[in-house]
Amino acid sequence: MEGLAAVALAIALVGVGFWTLIVRRNLIWKLLGLNVGASGAILFLVALAHRPGARPPIVGLGPGPSADPLPHALVLTAIVIDFATLALALVYVIFLTEHRHTQDVERLERDEERGWPQP
C-alpha cells in the first residue's frame with residue numbers, strides 16, 4: 001500500500017507542476033512548477049523501484065529478494081540534472097529581469113513581437 005500511495009502522490013505532484021506551468025504568468029512560478037513536476041517524476045521512479053522485503057544488494061547477506069540499485073542511481077542522476085537545470089534557468093530569469101524589467105511571460109512575448117526594447 002505504501003508504493004501505491006507514493007505513486008498517487010507522484011501523479012499529484014506532476015499534475016500540480018504542470019498546472020502551475022500552464023496557469024501562472026510569472027517566470028519564477030513557472031520554474032517552481034517545473035521543479036515540482038520533476039520532483040513528482042523522480043518520486044514516481046522511486047515508487048516503481050520499491051520492492052517490499054528487499055535487502056541491500058550486498059554479497060553475503062543470504063538468500064532473498066534484493067533491491068535493484070540501477071533505479072536509485074538513475075534517480076540520483078535526475079536530481080543532479082534537475083538542480084543544474086533549475087540553477088541555469090534562474091540565472092537566465094535574473095538576466096531577463098535586469099534587462100527587460102519584468103518576469104511576466106505575456107509582456108515579454110508582446111515586447112519580443114514588437115522588437116522592443118532592444119537589449
Side-chain angles (χ1 to χ4, degrees):
M1 189 62 179
E2 297 157 354
L4 187 60
V7 169
L9 180 62
I11 291 172
L13 282 174
V14 169
V16 167
F18 283 147
W19 178 81
T20 305
L21 277 172
I22 293 169
V23 172
R24 296 290 185 156
R25 292 171 48 176
N26 191 322
L27 286 174
I28 298 292
W29 278 102
K30 286 188 178 285
L31 287 178
L32 287 174
L34 185 66
N35 198 21
V36 167
S39 298
I42 289 169
L43 178 61
F44 185 74
L45 291 174
V46 169
L48 288 182
H50 175 71
R51 293 174 71 185
R55 59 178 175 74
I58 299 173
V59 177
L61 288 182
S66 64
D68 186 14
L70 182 62
H72 300 291
L74 291 174
V75 163
L76 285 173
T77 304
I79 290 170
V80 170
I81 291 171
D82 183 37
F83 175 74
T85 305
L86 181 66
L88 183 65
L90 282 172
V91 168
Y92 186 60
V93 167
I94 290 170
F95 177 80
L96 269 176
T97 303
E98 287 178 355
H99 285 37
R100 301 290 175 115
H101 305 293
T102 185
Q103 293 178 356
D104 186 14
V105 174
E106 290 182 11
R107 183 174 168 201
L108 287 169
E109 289 175 353
R110 204 171 42 243
D111 289 347
E112 194 66 33
E113 287 173 1
R114 283 189 254 162
W116 182 85
Q118 295 294 330

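When reading the values below, keep in mind they use all heavy atoms of this one structure, side chains included, and skip hydrogens, waters and symmetry mates. Quick caveat, the model's predicted, so the values are computed rather than measured.
In this structure, the separation between CG on L48 and CG on D68 is 12.0 Å, given to the nearest 0.5 Å. Note that OG1 of T97 is 6.5 Å distant from CD1 of I28, once rounded to the nearest 0.5 Å. For the atom pair CD (E109) and CZ (R25), the distance works out to 10.0 Å, reported to the nearest 0.5 Å. Atoms NE2 and CZ, from H101 and R107 in turn, are 9.0 Å apart once rounded to the nearest 0.5 Å. Rounding to the nearest 0.5 Å gives a distance of 7.0 Å between CZ of R110 and CG of D104.
Under the 4.5 Å side-chain contact rule for hydrophobic residues, L90 and V105 share a cluster. Hydrophobic clustering, with ILVMFWY side chains joined whenever heavy atoms are under 4.5 angstrom apart, keeps L43 apart from V75. Hydrophobic cluster membership is shared by Y92 and W29, with clusters built from Ile, Leu, Val, Met, Phe, Trp and Tyr side chains linked at under 4.5 angstrom. Taking hydrophobic clusters as Ile, Leu, Val, Met, Phe, Trp and Tyr residues chained together by side-chain heavy-atom distances below 4.5 Å, L45 does not share a cluster with V14.
When all heavy atoms are compared, the tightest approach of G40 to A10 is O-CB, 3.3 Å. The two residues D82 and A38 make their nearest non-hydrogen contact at OD1-CB, 3.6 Å. Among all heavy-atom pairs drawn from K30 and I22, the shortest one is NZ-O, 4.4 Å. Considering all non-hydrogen atoms of both residues, V36 and L13 come closest at CG1-O, 3.5 Å.
For the side chain to side chain contact (heavy atoms under 4.5 Å, CB included) with V93, the lone residue among L27, L88, N26 that qualifies is L27.
The aromatic rings of H99 and F95 sit tilted, their planes meeting at an angle between 30° and 60°.
Proximity of F18 to L21: side-chain heavy atoms (C-beta onward) are separated by under 4.5 Å at one or more points. Between T20 and L34, every side-chain heavy-atom pair lies at or beyond the 4.5 Å cut-off.
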Test side chain to side chain contact (heavy atoms under 4.5 Å, CB included) applied to L96 and L108, step by step: CA-CA 9 Å; L96 269 176; L108 287 169; 4.2 Å; yes
